[in-house]
Each structure stands twice: as C-alpha cells, then as structure tokens.
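Below, chain A is the first sequence line, B the second, and so on; all start at residue 1.
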Amino acid sequence: MVKVATWNVNSINARLPNATAWIQQAKPDVLLLQEIKCEADKFPLLEIQALGYHCAIHGQKSYNGVAILSRDPLEITQEGLPGDPDDQQARYLEARTAGIRVASIYLPNGNPVDTPKFQYKLDWMDRLKVHAATLLKTEEAIILGGDYNCIPEPRDCYDPKAWAGDALFKPQTREALREIVALGYYEAFREIHPQRVAYSFWDYQARAWDADHGIRIDHLLLSPQAVDLLEDCDIDREPRGQPKASDHTPVWCTLAA
DNA sequence: ATGGTCGGCCTCCGA
C-alpha cells in the first residue's frame with residue numbers, strides 16, 4: 001500500500017511543527033507540498049530527513065515553491081512546468097518514487113481576474129494540459145497532486161454565488177480543469193466519494209473555518225494505471241483546526257501496491 | 001465591535 005498526500009503548507013518554515021506532527025500521525029509514504037515559500041537552502045531538510053523522508057525541492061524566495069517528500073529515494077523527472085522558458089515561478093515538480101510517478105502542483109491563483117494574472121493562470125493550465133497528455137503516453141501509474149486553485153463544481157463551495165466572479169470558480173478555469181481530466185485522468189476524491197461535500201481550504205479571514213465556509217481546491221488526479229490501484233481517498237480536516245494552521249488541509253489517497 | 005488573516009519581507013504584495 002502506498003499513501004500519497006498533498007498539502008499546501010503556506011510556508012514550510014512557518015508550518016514545521018504542524019507538518020511534523022501531521023507526518024508522524026498520518027504517515028504518508030509520499031507527501032506533495034506547495035507554497036513552501038523558500039529556496040532549497042532554507043528548506044528544513046534535516047528536520048524532514050529525521051522523520052525518514054527523502055526530499056526533492058523546487059524552491060523560490062518568498063513565493064510559491066513546491067517539494068516532494070518520500071520514504072523512498074526520488075528521481076526527479078521534471079523541474080518546472082514545460083512550455084514557457086520565461087516562466088520563473090516555481091510551481092511544478094515531478095519525480096519517480098515508491099513505484100509511481102508523482103507531481104507536486106501549485107497552480108496560479110489568477111486573481112484579480114481583470115489583470116494579467118488571470119491569463120497567466122489560463123496559459124499555465126494549457127501548458128499543464130499539454131504535459132499531462134504527454135505523461136499519459138507513458139502508461140505509468142501517475143498522481144498529479146496539488147493546489148489546483150480551482151473549485152470544480154458548485155457543490156465544492158460553501159457559497160457558489162459568493163465565488164462567482166473569482167478566478168478559482170470562473171467558467172474558463174473550471175473548463176480548463178475539465179479538459180485536463182478529460183484527457184484520461186480520474187479525480188481521486190470524487191472517485192471514492194461521488195456525492196460528498198467536503199472542503200480543503202478555508203480562508204484565514206472572516207472566521208471562515210469556524211463557519212465551515214470552505215472550498216475544495218486541492219486535488220489528486222490519477223492516471224488509469226493509478227486509479228486501477230486506488231483504494232481510498234479523503235480530506236483530513238484535523239490540521240486546519242490546529243494552532244498556527246495553514247489555510248489548506250491535507251488530501252490523501254492510498255494505492256494497492 | 002473605530003477591528004477585521006496570514007507569511008515573507010526593501011513597511012506592501014500575494015493569497
């Protein structure tokens with residue numbers, strides 16, 4: 001059995017106690033991290049290694065940054081999303097480990113929508129679609145996990161009307177995610193829980209956590225070879241209720257292997 | 001309720 005989780009930690013250094021506690025309790029074999037908000041030399045490598053994990057880091061100062069932790073050694077297969085040599089933002093890291101291929105994805109937020117940030121998001125999703133199609137041809141068990149900054153459907157949001165104009169819920173954003181899935185991927189949470197309402201992000205503001213005003217934007221996309229092995233998937237709300245929590249909480253799945 | 005959330009950081013920007 002291989003347990004793979006994704007978690008936007010909103011700074012790995014600010015979140016180290018929370019991340020350590022969750023790793024020791026949840027014991028993922030592979031953990032995909034987003035928004036580590038540091039370069040590799042500022043990553044708490046020794047602390048993570050002490051928990052028994054290898055680390056692959058694609059860092060950036062102050063913003064973005066992704067990493068992959070694994071009980072097994074990691075072979076990096078892609079650092080940075082292909083398709084735009086001018087893109088300097090650290091939002092994609094891919095590796096082989098634990099007998100599968102995984103990617104840690106921090107998809108651009110895209111707000112405000114009347115600025116170039118939204119077009120950057122849509123362009124980034126186009127590039128991800130191209131790369132995701134290439135990956136499918138390997139016929140490997142693949143998990144593309146991360147913060148997709150996309151609310152797939154109205155039921156994935158506590159108040160769809162309140163989010164109607166937001167980059168996370170714009171029709172173009174949702175269409176772009178559907179196109180990626182339609183290449184031949186399976187969204188793990190919906191495979192296991194076709195009807196369930198659950199969230200993975202609650203804003204720090206306006207008592208969103210206390211009111212359960214959440215959205216589901218952290219996803220695990222599985223190739224056909226991976227979904228054949230899929231046993232379980234869930235969102236662990238517990239870390240979001242802890243002191244000094246990230247605004248996201250981990251999403252995990254297990255594969256028979 | 002004269003405040004209102006975080007983290008990183010060239011005291012504001014990004015989320």
Open item on the list: Between B:dT11 and B:dC6, how far apart are the two C1' atoms, rounded to whole Å?
Closed with: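 Their C1' atoms lie roughly 16 Å apart.
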Task: Interatomic distance at P, B:dC9 relative to B:dG14, whole Å - done: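 Roughly 14 Å separates the two P atoms.
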Open item on the list: Is there a side-chain contact between A:W209 and A:R237 in this structure, where contact means two heavy atoms from C-beta onward sitting under 4.5 Å apart?
Closed with: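 With C-beta onward as the side chain, the pair touches.
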Task: 5'-most by nearest nucleotide on DNA chain B - A:A245 or A:Q89 - done: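 Taking each residue's closest nucleotide, the earlier one in sequence belongs to A:A245.
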Open item on the list: Here's a test of your reading of the structure: between A:I36 and A:A206, which maps to the more 5' nucleotide of DNA chain B?
Closed with: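 Per heavy-atom nearest nucleotide, the more 5' residue is A:A206.
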Could you give the [atom1]-to-[atom2] distance, from [X] to [N], as a whole number of Å?
{"X": "A:H248", "N": "B:dT5", "atom1": "NE2", "atom2": "C1'", "value": "13 Å"}
{"X": "A:E39", "N": "B:dG8", "atom1": "CD", "atom2": "P", "value": "14 Å"}
{"X": "A:D210", "N": "B:dG4", "atom1": "CG", "atom2": "P", "value": "16 Å"}
{"X": "A:D247", "N": "B:dA15", "atom1": "CG", "atom2": "P", "value": "12 Å"}
{"X": "A:Q242", "N": "B:dC6", "atom1": "CD", "atom2": "C1'", "value": "17 Å"}
{"X": "A:K244", "N": "B:dT5", "atom1": "NZ", "atom2": "P", "value": "13 Å"}
{"X": "A:Y204", "N": "B:dC6", "atom1": "OH", "atom2": "C1'", "value": "5 Å"}
{"X": "A:R207", "N": "B:dA1", "atom1": "CZ", "atom2": "P", "value": "16 Å"}

Task: The single option from A:Y199, A:Y158, A:F201 passing ring pair (Phe, Tyr, Trp, His ring centres under 6.0 Å) against A:H213 - done: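 Single ring pair (Phe, Tyr, Trp, His ring centres under 6.0 Å) partner of A:H213 among A:Y199, A:Y158, A:F201: A:Y158.
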Open item on the list: Does a side-chain N or O of A:R15 approach OP1 or OP2 of B:dG7 to a distance below 4.0 Å, or not?
Closed with: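 Result: yes.
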Open item on the list: My understanding is that only residues two or more places apart in sequence, or in another chain, count here; which of them pass ring-ring contact (aromatic ring centres under 6.0 Å, His included) with A:W252?
Closed with: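 A:W252 satisfies ring-ring contact (aromatic ring centres under 6.0 Å, His included) with no other residue.
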Task: Gap separating the CG atom of A:N149 from the CG atom of A:N109, nearest 0.5 angstrom - done: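 Answer rounded to 0.5 Å: 4.5 Å.
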- [ ] To the nearest 0.5 Å, tell me how far A:L168 CG sits from A:T173 OG1.
- [x]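 These two atoms lie 7.5 Å from each other.
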TODO: Could you please spell out the steps behind the side chain to side chain donor-acceptor pair (under 3.5 Å) verdict for A:E75 and A:T97?
DONE: CA-CA 7 Å; A:E75 176 202 344; A:T97 189; over 6 Å; no
With the criterion being N/O to N/O and under 3.5 Å, what pairs connect the protein with nucleotides 12-14 of chain B, and how long is each?
none

TODO: Kindly state each residue pair satisfying ring-ring contact (aromatic ring centres under 6.0 Å, His included) with at least one member in residues 53-106 of chain A, sequence neighbours excluded.
DONE: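 Pairs touching residues 53-106 of chain A that pass the test: A:Y92-A:H131.
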Open item on the list: Could you check B:dC9 for me: syn (within 90° of 0) or anti?
Closed with: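 You should classify B:dC9 as anti.
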